[in-house]
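All values reported here derive from a predicted model rather than from experimental measurement. The residues of the chain are indexed from 1 along the displayed sequence.
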Amino acid sequence: MFERETYIQQYLSKFHTLLAFAVALVGGVLSIRFTPLELFRLGGALASGLALAALTFYIYRRTRFYISPLPGPPSSSFLAGSELEYYHEEAAVTSLRWTQQYGPALKFKAALWGERLIISDPRALSHICNTNALNYDRPAFGRALVMRLVGPGIVWAVGDTHQRHRRVIMPMYNGKHLRSALPVFQHYAGAVKDKWRTLLADSDSNALTLNVHREVTAAALDVLFDFSYEQRMGTIENPDQRLAVAFRDLFISAFGQQTAYSIMVREILDRVPKPVLRWIEAVTPDRKVQSSRASFAVAQEQAVQMIEARRASRRLEADTGKRAAAKDLMDALLQTIDDDPRLANTVEGTAELVAQVATMAQAGQETTGSTTAFLLWELCNRPEWQDKLRDEIRERKQRLGSDEFDATDYEAMPVLQAIIRETLRYHPVCPKVDRAPYKDDVIPLQHPVSLPDGTTTSHIKIAAGTVIHVDIASYNRNKEFFGQDADEWNPARWLVVDKVSSEPRPGVVAGIFTFIDGPRSCLGWKFAMLEIAVIVTSLVDEFELQLEPGHRIIRGFGGVMGPLTDGEWSGWNLPCIIRTAY
């Protein structure tokens with residue numbers, strides 16, 4: 001039965017594409033002016049197309065894609081399903097509520113009558129992301145969007161191509177390279193501190209208000225470009241420079257503030273053939289996609305300039321016989337492309353290189369910047385923890401007789417590490433990732449779920465291509481692992497023996513799933529944790545932070561999670577009052 005329904009799913013995917021194409025065609029032609037006769041002729045063709053679409057929909061409804069009959073919320077919209085509810089509220093709020101109501105494995109209606117799974121069960125996540133990871137990867141629609149926005153970098157790659165990218169990139173953010181990053185972290189953390197000192201000295205009062213998210217993201221951008229590409233950007237001093245603005249708007253332009261219309265447009269564009277897609281985008285351009293492309297074009301331009309400069313330097317080194325092993329990510333990427341006869345001097349190789357350089361810079365600075373901002377937000381909300389951390393930092397400095405810390409000093413501060421872990425747990429800047437199986441699968445569950453017919457099941461049968469939202473935010477609130485107060489930000493859980501369960505569970509650090517697990521886990525999680533520790537230590541030691549009164553801060557979702565002020569989607573914003581700490 002399972003194999004038969006999988007066959008039906010593969011057969012119906014073609015009809016689903018036809019249905020999406022019919023809807024897309026209607027949208028496209030309505031944007032063009034026609035004479036009455038042309039409209040009459042076109043009307044007949046459209047009527048036939050819509051009749052076919054209706055028949056397709058009827059067949060689809062009768063023999064829908066095979067997914068185990070899991071519980072889930074009722075559809076809230078005929079066309080948009082429950083996706084508007086899923087994306088419209090504050091980041092992760094809907095999935096957390098649904099998980100509490102229906103359990104760690106549930107199903108909901110997607111736009112245009114599709115179905116999605118939301119899974120946060122520990123055994124299921126380990127199966128999807130680790131033990132059976134080779135059968136799962138980013139869904140086709142997600143890859144298509146990434147390709148349209150940023151090109152064939154590591155975020156887009158799957159299978160052997162993705163593993164090739166990881167083999168090149170991973171060593172650059174671990175081991176000896178990670179140790180060499182510490183002075184870079186400290187330099188730029190000091191640059192932010194010096195900037196704030198100067199602003200305070202020049203102000204008419206003993207306090208000033210800053211968008212702290214922008215400040216720490218600028219530091220993360222400067223760190224990445226310096227460490228990975230030996231490029232001094234100067235974003236801390238000039239956060240409104242062209243590249244910083246382009247990166248700042250990239251994710252939020254593409255994914256922020258979803259509407260029923262944008263959700264359905266995305267579903268349609270995901271299903272139509274590429275030639276038709278290009279025609280639709282030319283006639284009725286998606287403003288989100290166009291805006292994001294414009295932003296990424298700036299990053300690509302910068303990447304091309306850096307690549308050409310480094311290639312010239314490498315040619316000079318080769319001519320003088322002085323070429324050494326790769327000293328940073330740019331060297332490693334160039335060696336991989338230029339030394340591979342399949343990619344050297346090809347359009348594909350150049351596109352991959354440009355996409356890789358720009359993607360790594362964008363992804364790294366956005367995630368680290370937002371995590372640091374959320375940490376500082378929590379310290380503003382809980383000044384007692386800000387005081388505890390400041391006391392720990394100053395006690396450490398006094399014990400060392402110096403304010404120059406090495407990596408072991410940051411690791412040896414329990415309050416600092418507890419605050420970082422708790423922020424990673426409670427504020428995962430990627431609250432979910434999408435996966436889909438290449439082949440039919442049976443997913444095991446650690447906790448059986450109750451089905452609509454009153455029975456329970458400890459496994460889920462799914463067909464190839466089923467889209468799964470790996471629910472990081474809900475997993476990170478698992479009360480069995482993190483305590484009954486898992487819905488609260490409380491660093492004390494990491495300071496008390498047995499407060500956090502020692503039971504083996506998925507995740508690369510402390511059982512937190514924020515960096516995912518398995519062959520698609522975050523490449524730079526050690527790099528990110530040390531960078532956050534250095535920046536936070538530097539700022540909290542010298543400054544007292546307080547939220548500017550009169551604002552409502554929420555967690556918005558625009559590709560990644562970031563702070564929004566008063567519901568304004570003009571950009572991530574965390575307005576804080578800064579004073580010198582005594």
Side-chain angles (χ1 to χ4, degrees), residues 125-140 142-143 145-147 149-181 223-225 227-229 303 307 325-340 342-344 348-368 424 428-430 433-438 470 472 506-509 512-531 559-560:
L125 295 190
S126 182
H127 176 85
I128 294 166
C129 298
N130 203 332
T131 56
N132 199 31
L134 294 180
N135 187 39
Y136 287 85
D137 231 315
R138 189 181 298 275
R143 294 188 68 227
L145 179 60
V146 170
M147 176 60 85
L149 292 178
V150 301
I154 190 170
V155 177
W156 166 85
V158 297
D160 292 341
T161 302
H162 181 264
Q163 291 305 308
R164 173 170 60 82
H165 289 182
R166 286 182 70 91
R167 285 194 297 270
V168 175
I169 295 171
M170 184 177 286
M172 297 297 109
Y173 297 98
N174 290 278
K176 66 177 183 180
H177 289 282
L178 179 61
R179 290 190 292 274
S180 69
V223 164
L224 268 166
F225 270 85
F227 179 75
S228 302
Y229 311 127
I307 290 166
K327 61 177 179 284
D328 60 16
L329 180 60
M330 180 67 84
D331 268 352
L333 293 173
L334 282 169
Q335 282 183 10
T336 303
I337 299 297
D338 293 349
D339 295 347
D340 188 337
R342 298 169 301 173
L343 296 173
E348 292 80 7
T350 300
E352 179 180 309
L353 186 56
V354 171
Q356 206 77 291
V357 170
T359 299
M360 287 298 296
Q362 165 62 14
Q365 62 96 26
E366 185 87 26
T367 53
T368 303
L424 289 168
V429 291
C430 293
V433 294
D434 294 339
R435 294 290 181 264
Y438 291 112
V470 173
I472 296 169
V508 297
V509 56
I512 300 167
F513 210 64
T514 300
F515 297 115
I516 322 182
D517 200 5
R520 289 197 76 103
S521 61
C522 175
L523 288 163
W525 67 270
K526 292 180 181 178
F527 184 92
M529 289 188 70
L530 182 55
E531 181 180 359
V560 296

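- Side-chain contact check for Glu352 versus Glu348: every heavy-atom pair is 4.5 Å or farther apart.
- Side-chain contact between Ile154 and Met360: present, with at least one pair of heavy atoms (C-beta onward) separated by less than 4.5 Å.
- Under the 3.5 Å distance criterion, the side-chain polar atoms of Thr514 are matched with a main-chain donor or acceptor of Leu424.
- Separating the CD1 atom in Ile337 from the CG atom in Leu343 is a distance of 4.5 Å, to the nearest 0.5 Å.
- For the pair Asp328 and Phe227, the minimum side-chain heavy-atom distance is 4.5 Å or more.
- For the atom pair CE of Met529 and OG1 of Thr368, the computed distance is 11.5 Å after rounding to the nearest 0.5 Å.
- Nearest heavy atoms, Cys129 versus Ile516: SG-CG2, 3.9 Å.
- Distance alone, capped at 3.5 Å, is enough to place a donor-acceptor pair between the Ser521 side chain and the Gly518 backbone.
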- Item | Test log, rule side-chain contact (heavy atoms from CB on, under 4.5 Å), inputs Gln356 and Val168 | CA-CA 11 Å; Gln356 206 77 291; Val168 175; over 6 Å; no

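- When all heavy atoms of Phe515 and Val509 are compared, the closest pair comes out as CD1-CG1, 3.6 Å.
- Nearest heavy-atom pair, Pro428 versus Ile472, reported as atom, atom and distance to 0.1 Å: CB-CG2, 3.9 Å.
- Taking the side chain as every heavy atom from C-beta outward, Met147 and Pro152 approach each other to under 4.5 Å.
- Looking only at distances, no side-chain donor or acceptor of Asp340 sits under 3.5 Å from a matching main-chain atom of Thr336.
- With a 4.5 Å cut-off on side-chain heavy atoms, Thr161 and His165 count as touching.
- Going from atom NE2 of His177 over to atom NZ of Lys526 covers 14.0 Å, rounded to the nearest 0.5 Å.
- Using the six-membered ring where Trp is involved, Phe527 and Tyr173 have ring planes that are perpendicular, over 60° apart on the 30 and 60° scheme.
- For Ala344 against Asp338, the heavy-atom pair with the smallest separation is CB-O, 3.5 Å.
- Between atom CZ of residue Arg167 and atom CG of residue Asp160 there is a gap of 7.5 Å, rounded to the nearest 0.5 Å.
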- Message: Under the criterion side-chain contact (heavy atoms from CB on, under 4.5 Å), I'd like the reasoning laid out for Thr359 against Trp156: C-alpha separation, chi angles, the key distance, then a yes or no.
- Response: CA-CA 10 Å; Thr359 299; Trp156 166 85; over 6 Å; no

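- Between Asp434 and Arg138, the closest side-chain pair of non-hydrogen atoms is not below 4.5 Å.
- Put simply, CD1 on Ile307 and OG1 on Thr350 are 8.0 Å apart, with the number rounded to the nearest 0.5 Å.
- Minimum interatomic distance between Asp517 and Pro506 (heavy atoms only, all atoms of both residues): OD2-CA, 3.6 Å.
- Taking 4.5 Å as the limit, some side-chain heavy atom of Val158 sits within range of a side-chain heavy atom of Tyr438.
- A donor-acceptor pair is defined here as one N or O able to donate and one able to accept, closer than 3.5 Å; no such pair exists between the side chain of Arg435 and the backbone of Asn135.
- Expressed to the nearest 0.5 Å, how far CH2 of Trp525 lies from CG of Asn174 amounts to 8.0 Å.
- Side-chain contact between Ser228 and Met172 is absent, with no heavy atoms from C-beta onward closer than 4.5 Å.
- Salt bridge annotation for Asp137-Arg520: present, with a cationic side-chain nitrogen under 4.0 angstrom from a carboxylate oxygen.
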